[in-house]
Amino acid sequence: MRAAGDARRLDRMSASAPTDAYRIGAHRDRVPVDVVTGLWQAALDAAWAGPAVWFHGDVAYGNLLVRDGRLAAVIDFGCCGVGDPACDTVIAWTLLHGASRDAFRDALGLDEATWARGRGWALWKALITLDDPVPARAAEARHVLDELLAEPAVAG
């Protein structure tokens, strides 16, 4: 299991801002650099101030088992830890869109700071896999970026 300090990866990432800027800039032909940089900075600025809680760390469609149209189980606890639960919101951009994303956020009762940090996690994963040699993974990264950029708070 991860230590509580590892659960605060966004805080550690803020120390590597030049690297983050380089990674974002490396995709300038495929992403609006100013908007993406703003999303990243908003995630870094939305510091987690709550108590450490258990998180799964990899809530992805491949780790969700469904029976009769309902969630039956969550599997693969290899990334679980204690800290900021925002990492578990990434599925909002990888699997959900529109009204289903809004319903997910409403059902969890998430504040703007947690949502911003979740956006940061989704952005980080999309940027590091945008050039994946497996076409399906690269396409998924592009899809997540498109979902992030289409959100009213971002696009508007």
Side-chain angles (χ1 to χ4, degrees), residues 1-14 20 23-24 27 30-130 136-156:
M1 267 188 233
R2 293 181 180 168
D6 287 339
R8 297 181 189 98
R9 189 177 310 172
L10 281 177
D11 289 336
R12 289 194 327 268
M13 287 180 174
S14 66
D20 300 335
R23 179 168 287 135
I24 292 169
H27 298 298
R30 293 177 284 172
V31 301
V33 173
D34 291 343
V35 175
V36 170
T37 300
L39 283 173
W40 183 246
Q41 191 59 54
L44 296 176
D45 291 345
W48 172 248
V53 297
W54 279 100
F55 61 81
H56 182 274
D58 191 17
V59 179
Y61 57 82
N63 292 334
L64 304 176
L65 302 181
V66 176
R67 179 183 300 142
D68 299 325
R70 299 184 61 96
L71 181 64
V74 179
I75 62 172
D76 187 1
F77 287 82
C79 293
C80 70
V82 176
D84 179 1
C87 61
D88 284 343
T89 66
V90 172
I91 198 163
W93 296 276
T94 60
L95 182 66
L96 307 173
H97 64 275
S100 61
R101 183 178 302 133
D102 294 340
F104 174 78
R105 181 179 180 178
D106 291 345
L108 293 178
L110 299 175
D111 61 16
E112 187 55 41
T114 303
W115 199 245
R117 290 190 313 280
R119 247 190 242 118
W121 280 104
L123 177 62
W124 167 76
K125 179 69 176 208
L127 288 175
I128 67 168
T129 57
L130 192 56
R137 287 190 197 134
E140 183 176 340
R142 180 74 254 174
H143 166 77
V144 170
L145 284 169
D146 291 345
E147 289 294 317
L148 288 164
L149 297 171
E151 277 201 328
V154 177

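- In this structure, the ring of Trp93 has its center less than 6.0 angstrom from the ring center of Trp115.
- Rounding to the nearest 0.5 angstrom, the gap separating the CG atom in Leu123 from the CD1 atom in Ile128 is 10.5 Å.
- Each of Arg119, Arg101, His97 was evaluated against Glu147; a single residue qualifies, Arg101, per the side chain to side chain donor-acceptor pair (under 3.5 Å) test.
- Residues Val90 and Ala122 come closest through the heavy atom pair CG2-N, 3.8 Å.
- A 4.5 Å side-chain heavy-atom check between Trp40 and Leu127 finds every atom pair outside the cut-off.
- Looking at Thr89, its side chain does come within 3.5 Å of a backbone N or O of Ala86 through a donor-acceptor pair.
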Step by step, would you call Leu149 with Val36 a side chain to side chain contact (heavy atoms under 4.5 Å, CB included)?
-> CA-CA 8 Å; Leu149 297 171; Val36 170; 4.2 Å; yes

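- Taking each heavy atom of Cys80 and Trp54 in turn, the nearest pair found is SG-CZ3, 4.3 Å.
- Using a 4.5 Å heavy-atom threshold, the side chains of Trp48 and Pro85 count as touching.
- The structure places NZ of Lys125 at 13.0 Å from CG of Leu130, a figure rounded to the nearest 0.5 Å.
- Between the side chain of Asp58 and the backbone N or O of Asn63, no donor-acceptor pair lies under 3.5 Å.
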CA sep, side-chain torsions, deciding dist, call: Leu65, Val74, side chain to side chain contact (heavy atoms under 4.5 Å, CB included) = CA-CA 6 Å; Leu65 302 181; Val74 179; over 6 Å; no

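- Side chain of Asp88 to backbone of His56: a donor-acceptor contact under 3.5 angstrom is found.
- Atom CZ of Arg30 sits in a crowded spot, with more than 12 heavy atoms from other residues, nucleotides or ligands closer than 6.0 Å.
- Of all non-hydrogen atoms in Leu71 and Ala73, the two that sit nearest each other are CD1-O, 3.5 Å.
- When every heavy atom of Ala113 is checked against every heavy atom of Ala46, the shortest pair comes out as O-CB, 3.5 Å.
- For the residue pair Arg142 and Val31, the shortest heavy atom distance occurs at NH1-CG1, 4.3 Å.
- No hydrogens or angles considered: a donor-acceptor pair under 3.5 Å links the side chains of Asp111 and Thr114.
- Side chain of Asp68 to main chain of Arg70: no donor-acceptor pair is present (N/O by atom type, distance under 3.5 Å, no hydrogens or angles).
- Scanning all heavy atoms of the two residues, the minimum distance from Ala52 to Val82 falls at CB-CG1, 3.4 Å.
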For Arg117 and Asp84, run side chain to side chain contact (heavy atoms under 4.5 Å, CB included): C-alpha distance rounded to whole Å, both residues' side-chain angles, the deciding distance at 0.1 Å, then the answer.
-> CA-CA 9 Å; Arg117 290 190 313 280; Asp84 179 1; 2.5 Å; yes

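- Put simply, the side chain of Leu64 does not reach to within 4.5 Å of the side chain of Ile75, judged on heavy atoms.
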